[in-house]
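Report on the structure given below.
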2 protein chains.
Amino acid sequence: MCQSLASLSRAIYYRAMTLAPHDMICFALYSAAHAMQQAYRPYLDELGLTYPQYLVMSALWSGAAEGWDRGAEQDPEHAPSLGDIAREVQLESSTLTPLVKRLEAAGLVTRRRDARDERQVRIHLTAAGREMRARAAHIPACIAEKAGMEIGELVRLRDEVNTLRDRMKAG
Amino acid sequence: MCQSLASLSRAIYYRAMTLAPHDMICFALYSAAHAMQQAYRPYLDELGLTYPQYLVMSALWSGAAEGWDRGAEQDPEHAPSLGDIAREVQLESSTLTPLVKRLEAAGLVTRRRDARDERQVRIHLTAAGREMRARAAHIPACIAEKAGMEIGELVRLRDEVNTLRDRMKAG
DNA sequence: TGCGATTGTATCGTGTGCGATTTAATTAGG
DNA sequence: CCTAATTAAATCGCACACGATACAATCGCA
């Protein structure tokens with residue numbers, strides 16, 4: 001089916017080759033990421049969210065794993081900025097600005113300039129946005145079940161993929 | 001950094017949870033696929049190709065691992081159809097039709113209706129398209145080096161990701 | 001043979017994605 | 001202080017990506 005290790009190694013040794021997409025690591029990631037989006041689609045359709053919108057909402061719901069909202073109760077300016085979210089979901093402002101505007105148009109978030117630094121736009125969940133969290137809470141288990149792998153296997157694979165990603169982004 | 005196995009397992013057990021993007025498998029694939037595209041960019045810029053265009057050209061160059069062009073010398077109708085390419089790169093015709101038209105506009109391929117079945121459009125490499133293969137042949141080794149992993153490790157990770165993809169696409 | 005079902009592409013609308021650039025606000029340095 | 005450099009968002013242009021739909025060509029079956 002796929003090109004053998006020996007064949008790949010020989011080709012790399014000669015440092016000049018043509019690979020079919022189904023032999024490429026990058027295509028494995030590319031097609032798997034798209035397959036994941038398709039697996040989420042029926043669940044996200046119920047919520048009226050696209051997949052990247054779901055990632056942004058998940059970041060807000062989790063407080064990006066509680067890095068953002070320490071003291072947010074007292075100080076609304078501790079809500080994440082658009083840049084904070086951009087770093088969490090690894091998207092450019094040129095992608096995120098219109099996406100968040102669509103979330104705002106859907107009534108899930110608000111966008112407000114920070115009073116102390118007017119360059120920043122702080123993103124707040126609305127009541128509707130907070131309520132959606134419970135309606136989305138079943139999704140991870142559904143996806144994990146569809147993956148048909150042990151949770152430990154999924155976590156190991158996730159970490160290996162994250163390691164590869166970080167290396168591709170470095171130097 | 002990332003949510004622990006214990007935490008994930010507990011959450012899956014309760015079947016209701018909110019994960020931050022950086023804890024999700026799907027986000028690992030999503031962000032790694034984008035990081036890969038960025039790693040290819042400098043090489044593809046030299047060729048004037050986008051990343052999905054490179055996947056299509058790679059499929060043509062490899063004859064999709066020699067499944068397409070048996071006897072193509074004698075019979076030009078054995079060239080891959082748009083549907084053949086769509087299956088290889090796992091894209092819809094609505095994505096591939098304009099993409100291939102751009103490759104045609106760049107002088108890399110031709111599109112011709114099959115005389116025996118006028119529903120199908122057969123895609124042929126032009127001389128310029130064939131010549132580009134040599135200019136792209138160094139790319140896999142450059143990417144593999146940047147990944148900083150043993151080839152065997154890369155192949156194993158690719159196969160695991162492909163397995164996950166196939167499970168997400170099934171049922 | 002003829003006609004309904006299927007198949008292969010194409011078209012349209014919406015929503016990403018990113019590079020390049022712009023604008024406004026803040027910071028840093030002399 | 002005052003200006004140069006930096007930073008945060010936004011804007012624009014182009015290219016995916018897919019669902020829904022349309023349409024023509026072919027197939028299947030009575």
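FYI, side chains are in, hydrogens and waters are out, and symmetry mates aren't considered; it's all heavy atoms of this structure. Note that this is a predicted model, so its numbers are computed, not measured. Protein chains get the first letters and strands the later ones, always in sequence-line order, with residue 1 at the start of each.
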Roughly, in whole Å, what's the span from [atom1] in [X] to [atom2] in [N]?
| X | N | atom1 | atom2 | answer |
| --- | --- | --- | --- | --- |
| Met36(B) | dG17(C) | CE | C1' | 18 Å |
| Gln37(B) | dC18(C) | CD | C1' | 10 Å |
| His34(A) | dC18(D) | NE2 | C1' | 10 Å |
| Gln38(A) | dA20(D) | CD | P | 11 Å |
| Arg41(A) | dT14(C) | CZ | C1' | 11 Å |
| Leu44(A) | dC18(D) | CG | P | 15 Å |

B/S/- along nucleotides 3-16 of chain D (protein heavy atoms under 4.0 Å) is ----BSBBBB--SS
Can you name the residues that form a side chain to side chain donor-acceptor pair (under 3.5 Å) with [X], not counting sequence neighbours?
| X | result |
| --- | --- |
| Arg135(B) | none |
| Lys169(B) | Gln90(B) |
| Arg41(A) | none |

Taking Gln53(A) for the side chain and Thr50(A) for the main chain, is one N or O donor matched with an acceptor at less than 3.5 Å?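 Indeed, once roles are kept as given, a pair shorter than 3.5 Å links the two residues.
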With a 3.5 angstrom cut-off on both distances, give the Watson-Crick or G-U wobble partner of dA30(D), or none if there isn't one.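 Because both required distances fall under 3.5 Å, dA30(D) counts as paired with dT1(C).
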Residues two or more places apart in sequence or in another chain: which of them pass ring-ring contact (aromatic ring centres under 6.0 Å, His included) with Tyr40(B)?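 Tyr40(B) satisfies ring-ring contact (aromatic ring centres under 6.0 Å, His included) with Tyr51(B), Tyr54(B) once adjacent residues are dropped.
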Taking only residues at least two apart or on different chains, which pairs with a member in residues 25-34 of chain B satisfy side chain to side chain donor-acceptor pair (under 3.5 Å)?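 Qualifying pairs, neighbours excluded: Arg165(A)-Ser31(B).
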